[in-house]
Amino acid sequence: MILPALAAGFGVAVIVVSANTFTVQAQEAAPAAAQSAAPPPAAEPPPPDPAAELAAKRDQTRAELETLSKSINLSSDKVSELQQSIANLEKSTQSIRQALIDSAARRKGLEKQILESEKKLADLGVREDGIRRSLHERRGLLAEVLAALQRMGRNPPPALLVTPDDALASVRSAILLGAVVPGIRKETDKLAADLASLAALQTASAAEKAGLTATMTDSIEEERRMDLLLAENDKLSRSNAADLQAERKRSEELAGKATSLEGLVASMESEIASVRDAAAAARQAEENRRLLTDEQRAQAKALAESGVPDKNRIAPAYPFGELRAKLELPVAGDILRQFGDADGTGHEAMGMTVATNPETVVTAPADGLVVFAGAFRSYGQMIILDAGDGYHLVLSGMDTINTRQGKFVFSGEPLAVMGAKRVASATALALETDRPTLYIEFRKDGKPVDSRPWWTAKDTGKARNDS
C-alpha cells in the first residue's frame, strides 16, 4: 500500500510500504539516512539460476501438497455413498472391469490436473519471490527518498506572496523540487506497479490452491472407489487359493533363476500353467484373426472403432503394430529419460523413465497378457505384458501390483500403484529426483525398441530433468 502525499505547499510527504517482507516508514528512515554515511559498494551477488530456483520451488510446493493430501479425509457420508454405488453395479466381470477402466481414466485425469497445478503454483511462487527480492533490494533507495521528503516537510519553502523578500529562496526551492520530484514519482510508480503485481500473484496463488484442494479431494475419492472396485473384481476372478499360492511361489523361483528378461518370459510361458494356457489361447485368437478375409478384417476393425471392444476377448483388440501414436502413457508424470539417453552408467537407456507423484495409478498401455507380475532382480516390482505381434511391454518401479500372471488385461485397466519415494533400481540410476519413477521398456522379438512412436502426440514431449 502506497500513500504518497505531495502537498501543494510541499508539506510533509509520507510513503508507507508494506509487502510482507519489509515495512518502511518515513519517521524511521529519516534519522538513518541523515546520520549514517553511505556504505561502500559491495560486490553484487550472481543472479539466481532460473531453472534451479524453479526446481527448488517445485520441491517446496510438492512437499506442501503432500502434507495437504494427508490432511484431506472423506466424510463418512461420502464413503457410504461410494460403497452404495459399487453395491449397485451389475456383479459381472465385464461391468466391474469397465468400471475399473473408467475409474482409472478419471484418476489419471485428476493426477494430470494436480501436476499442472503444482507447476503453476511453483511458477507463481518464483515470480512472487522475485518481486519481494526486488523490493527488499531497493529498501535503501526508498529510505533515502523518504528522508528527503521528510526534510522538505520540516523546512517548507517560503510563501512568495506573503514575504516578497524570500523570492530568491522560493525560486531555489522550485528549481530543486523540479529536479527531484520526477525521480521520486518514477520510483513511486515503479513501487506501486510491483506491489500491484505482488497482490495479483497472491490472489492467483490462493485461487489455484483452492482449486487444487478440490481436485485432490476428488482424486482421493476416486482412489477409494478404485480400491472398492478392485476388491469386487478380486472376488469375481478369485481361483483356488491353494493353486494361486503354489503358482506364485513357482514364479518367484523362476524369477530367481532367470538371468535376463528373455529367459524369464520363456520360463514363465513354459512352466506356469495359467500363463501357458492363456498365451496359447491368445496366439490361437491372433491366428484366427490373420485367417480373416480383407473384408472381414475391415468389418471387425470398423466395429471395434465404432464402439467398446468386446470385454470377453482373450487377445488384443488390435494388432500392436497398428497402434502407433495411439497409446497413452501408463502414468501421469514428467518424462526424465528417453530410449537412447545416457543411463548414468556409460550406456544408453533401453527404455523411458517417467517421474510421478506419490501413489499414482499405473494402467495398462495396451491390451495384453500378464506374463509376469512380481519382483525381478534389480528391476524391483515388475509387470511384463505380451501385447501380441512379438511385442512385450515391461513396467517396473511400482510399489504395489494389483494384477497376476496369466490374466488378460485391457488397455487402461489399472495394474499397480506407485510408492511414496523413488525405488532404488538399475533403471533409475543417476536420476536427480527422489520422486517415484516408472520405467517403461518395449521389446520386439526379445530386443528393446524405442517406444516413442507408439505414444500419442501429447505424451511424446520430453520434460527437463526434474529434481
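The first residue in the sequence is number 1, and the count goes up from there.
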Smallest separation among heavy atoms of [X] and [Y], with atom names:
X	Y	answer
K108	L329	NZ-O, 2.6 Å
S197	I131	CB-CD1, 3.6 Å
S103	R225	OG-CD, 4.2 Å
G263	A258	C-CB, 4.2 Å
L121	S205	CD2-O, 3.8 Å
P365	P330	CD-CB, 4.4 Å

Hey, which of M398, M418, R107 is the one that makes side-chain contact (heavy atoms from CB on, under 4.5 Å) with T360?
-> M418
Over 60° means perpendicular and under 30° means parallel, so classify the ring planes of W454 and F442, tilted if in between.
->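 Correct class here is perpendicular.
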Name the atoms and distances for all side-chain donor-acceptor pairs under 3.5 Å in residues 382-393, with sequence neighbours left out.
residue: D386; atom: OD1; partner: G388; partner atom: N; Å: 3.0
residue: D389; atom: OD2; partner: F320; partner atom: N; Å: 3.1
residue: D389; atom: OD2; partner: G321; partner atom: N; Å: 3.4

Is a donor from one side chain sitting under 3.5 angstrom from an acceptor on the other, for [X] and [Y]?
X	Y	answer
S274	E247	yes
K326	T456	no
T61	E118	no

For R276, what residues pass the salt bridge (Lys or Arg N to Asp or Glu O under 4.0 Å) criterion, not counting sequence neighbours?
->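 With sequence neighbours excluded, R276 shows a salt bridge (Lys or Arg N to Asp or Glu O under 4.0 Å) to no residue whatsoever.
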Heavy-atom distance under 4.5 Å between the side chains of E322 and P319, does that happen here?
->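 Of all side-chain heavy-atom pairs linking P319 with E322, at least one is under 4.5 Å.
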Looking at residues at least two apart in the chain, or sitting in another chain, which of them share a side-chain contact (heavy atoms from CB on, under 4.5 Å) with R224?
->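 Partners of R224 by the side-chain contact (heavy atoms from CB on, under 4.5 Å) criterion, ordered by chain and then number, come out as L74, V79, L82, Q83, L228.
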Taking it one step at a time, do S267 and K257 satisfy side-chain hydrogen bond (donor to acceptor under 3.5 Å, both in side chains)?
-> CA-CA 10 Å; S267 62; K257 295 178 181 178; over 6 Å; no
Between T213 and K209, is there a donor-acceptor pair closer than 3.5 Å when you use the side chain of the first and the backbone of the second?
->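 Flag set: sc T213 to bb K209 pair under 3.5 Å.
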For I114, does its backbone N or O pair with a side-chain atom of K119 as donor and acceptor, under 3.5 Å?
-> no
Who are the side-chain hydrogen bond (donor to acceptor under 3.5 Å, both in side chains) partners of [X], not counting sequence neighbours?
X	value
D129	K57
E348	none
T215	none

